Amino acid sequence: MMTKITVAKGDGIGPEIMEAVIRVFKAANLPLEYQFVDMGKWVFDKGFSNGMTPEAKATIESLGILFKGPMETPKGKGVKSVNVTARKTWNTYANDRHFQTLSGVQTVFSKAGINVNITIVRENIEDTYGGVEHMITEDVAIARRYITRQGSEQVIRYAFEMAKKKGAKRVTCGHKANIMKLTDGMFLEVFKQVAAEYPELQSDDIIVDDLCMKLVSRPDLFDVIVLTNLQGDIVSDLCAGLVGGLGFAPSSNIGDKISIFEAVHGTAPDIAGKNIANPTSLLLSGLSMLRHLGMMEKAIEIENALLYTLESGVHTGDFGDKSIPSVNTTDFANAIISNLGKQPKNNARPTIADFEFHPQDLHQKENVMLAKTSSSKHSIVGVDFFIESTEQPAVIAHIAKKHESDILKLVTITNRGTQVWPTGSVFTNLVNQYGCRFETIDNAPLAQEDIAQLYLAMSKDFTISSLEVLNMWGDKKAYSLAQGQ
Ligand code: NAI
C-alpha cells in the first residue's frame, strides 16, 4: 500500500536537496506517494502572511506528514517564520534530533576515537517561543515563559517512549530548576513522575550549564536528553557541532496527529542554484520520517548506503577529506543510490523491525483541551503591581503603603526581580520599573473585586504597567519570592 506524504521543497537550496533525496527514495522503491505543496518565500511574497497556501494547509492536515526543505522568512515585513508557525499550529510538541558520529565526517571526537550517539528531545511549543512579549516601559521589555504540566508531560513521555523503542538505556532531563523553581521546577517534577513509569530505563537530571560543559568534554556519557524549548534549541545546536555541524543533523517535529520532518540548516542563499549543497541533513530527516511511518527496513538500507558512501570518502564541498575532490549534489545522491544494499564497516545500523506504526485518525472537529478545569483548592492571596517610576524605593513604599488595608499589606518592592524595600542595598542599580507586592495577612483569601479596588486606588498614584495575581493551591504558594525577600 502506498503512503501519501506532503512535500514542500522550500527556498534557496531546498529544491536541489529535496530533488536529490527523493531520487534516493525512488531508487530504494519506497511505497510513498508525494504531494507537493507551496510554502515559504514565494507564498509570503504572494501575500499569504503565514507562508503557506490554504491548499498546502489542507493537504498537510489531511495527510498528517510534512517533509520540508528549509524556508526563508522575509525580513522586515513583520511576518513570523513559517517553520515556527507550522510546528506550533499543528502541535508538534517534540523536536527529536539524533546526533551520531558519521564515518568520513571528521570531528575532534572522531579523531580521538570518541563515539557520539546522542538524541536531544526538545519541547517545541512552549517556553519563551510563544513570543508573548511586551514593552512595559519605554526601557523595559518582558517575555512570558509558558511551561505547562500537560505540555511538559507530552514531550517527556515522548522521550521515554522513543528511548524504549530505539533501545536507549538512559533518559536525562536538562533544566535550570535551581533558578526557575516554578517553570523549570514543574518540568523536572513532571520528568520524575513520568520516569517512575519506565523503571526499565535509567533516568537522571542535570543543570543545563553543567550539561553543556560535560557535552563538550565527554559527549559519550549521554544517551537521550530532554529539555525545555530554548535550552533545547541551544543544546541541540551544540550537539550538531559535536558531529560535524548542522549539515549532519536530522530533525523530526512529532505531534499526536501531524509530524514534520525537516533539514535543520537554512536556505544557504550563498550557494543556492549551484547544485553543490549537501543533502545529508535532509536525507537523515527523511530517514526519521520513514521510521516514523514504520518503514524501518528501508530506512536502515538507505542509512547504511549513506554511511558506506561517507566512509568511502565521497563528499560535497562543505566537508570531508580535502585531498579527495568533492562531488556535486546530484553525484552525491547518485553515489548513495549505487551503494544501496551495501554495509558500512563502522556503525552499520542494525536491522531492527519491531516498531509498530498506527496510522493517525485525522478527523478532528474541535481543538483538544489538554487541561482539567481549575482546582477548587485555589485561592488569591495577593497581587504584584508593576509600575513605572524613577523615584527611589523608599518614596514608592511611602506612597504605596497608603493603599494598605486591614487585610492587604505591602510586603516587598522589587526592581528587576531584586528586593529593594523593606531591605536591600544601595548598590542595586534601578530601572524605571518596580514590582509592588501586596499580600493578605495569614493568606486570607481575596476576591477578584478586592484586586480591582486596589488597582483603582494604586492607579491614582502610579502608572501601572501590568499586574500579576498571587495564587495559592492548597497550602502552596504559586509564585516566586523576590531575590533577597
Ligand atoms: P544557513 O544554514 O542557510 O547557512 C549558513 C552557512 O551554512 C552558509 O554558509 C551555507 O552555505 C552553509 N550551508 C547550510 N546548509 C548547507 C548545506 N546543506 N550544504 C552546504 N552548505 C550549507 O543559515 P543562514 O544563512 O543563517 O540563513 C539563511 C536563510 O535560511 C534565512 O532566511 C533563514 O531564515 C532561513 N532558515 C531556515 C530554516 C528552516 O527552514 N528550518 C532554519 C534556519 C534558517
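Position 1 is the first residue of the sequence; numbering continues from there. Atoms within each ligand, like the ligands themselves, are counted from 1 in listed order. Being a predicted model, the structure only gives us computed values, none of them experimental.
- By the definition of a contact as any protein heavy atom under 4.0 Å away, atom 7 (O) of ligand 1 is not in contact.
- By the 4.5 Å heavy-atom criterion applied to side chains, Thr183 and Phe187 are not counted as neighbours.
- Less than 4.0 angstrom separates some heavy atom of Glu72 from each of these atoms of ligand 1: 32 (O).
- Ion pairing between a basic and an acidic side chain is recognised when a charged N comes within 4.0 Å of a carboxylate O; Arg145 and Asp127 show such pairing.
- Inside a 4.0 Å radius of atom 37 (C) of ligand 1 there is at least one protein heavy atom.
- Within the listing of ligand 1, atoms 11 (O), 20 (C), 21 (N) sit less than 4.0 angstrom from a heavy atom of Ile271.
- Contact annotation for atom 33 (C) of ligand 1: protein absent (non-hydrogen atoms, distance under 4.0 Å).
- Residues Phe248 and Ser281 fail the side-chain proximity criterion, which asks for heavy atoms closer than 4.5 Å.
- The side-chain heavy atoms of Thr316 and Asn328, taken from C-beta on, include no pair separated by under 4.5 Å.
- Residue nearest to atom 39 (C) of ligand 1, selected from Val84, Asn83, Val264, Asp11: Asn83 (by heavy-atom distance).
- Partner of Arg122 under the side chain to side chain donor-acceptor pair (under 3.5 Å) criterion, chosen from Asp96, Asn253, Asn229: Asn229.
- The protein atom (non-hydrogen) at minimum distance from atom 4 (O) of ligand 1 is Ala268 CA, 4.2 Å.
- Protein heavy atom closest to atom 18 (N) of ligand 1, with residue, atom name and distance, is Asn278 O, 2.9 Å.
- Under the 3.5 Å distance criterion, the side-chain polar atoms of Asp223 are matched with a main-chain donor or acceptor of Arg170.
- Ile13 counts as a contact of ligand 1, since one of its heavy atoms falls under 4.0 Å from the ligand.
- Around atom 25 (O) of ligand 1, the closest heavy atom drawn from Gly266, Gly69, Pro269 belongs to Pro269.
- The contact set between ligand 1 and Pro70, taken as ligand atoms under 4.0 Å from a residue heavy atom, comprises 39 (C), 40 (O).
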Query raised in the report: Going through the distances and angles, do Ile5 and Phe25 end up as a side chain to side chain contact (heavy atoms under 4.5 Å, CB included)?
Result: CA-CA 13 Å; Ile5 61 163; Phe25 282 4; 5.7 Å; no
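- With respect to the salt-bridge test (charged N to carboxylate O, under 4.0 angstrom), the residues Arg97 and Asp237 qualify.
- Ranking the protein heavy atoms by distance from atom 31 (C) of ligand 1 puts Lys75 NZ, 4.1 Å first.
- When every heavy atom of Thr73 is checked against every heavy atom of Phe44, the shortest pair comes out as CA-CE1, 4.4 Å.
- Every heavy atom of Ile276 sits 4.0 Å or more from the atoms of ligand 1.
- A cation-pi arrangement is absent between Lys4 and Tyr34 under the rule of less than 6.0 angstrom and at most 45 degrees off the ring axis.
- Contacts between Asp318 and ligand 1, counted as non-hydrogen atom pairs separated by less than 4.0 Å, involve the side chain only.
- Residue Lys68 approaches ligand 1 through these ligand atoms, each under 4.0 Å from one of its heavy atoms: 40 (O).
- Here the heavy atom of the protein found nearest to atom 30 (O) of ligand 1 is Thr267 N, 2.9 Å.
- Residue, atom and distance of the protein heavy atom nearest to atom 9 (O) of ligand 1 are Asp270 OD2, 3.0 Å.
- Set against the non-hydrogen atoms of Met71, the atoms of ligand 1 under 4.0 Å away are 35 (C), 36 (N), 37 (C), 39 (C), 40 (O).
- A distance below 6.0 Å separates the ring centres of His292 and Phe261.
- Two rings, from Tyr198 and Phe160, have their centers less than 6.0 Å apart.
- Open room surrounds CD on Glu138; 12 or fewer heavy atoms of other groups in view lie less than 6.0 Å from it.
- Residue Glu262 approaches ligand 1 through these ligand atoms, each under 4.0 Å from one of its heavy atoms: 41 (N).
- Of the N or O atoms in Arg87, none lie within a sub-3.5 Å distance of an N or O in ligand 1.
- The presence of a protein heavy atom under 4.0 Å from atom 20 (C) of ligand 1 is confirmed.
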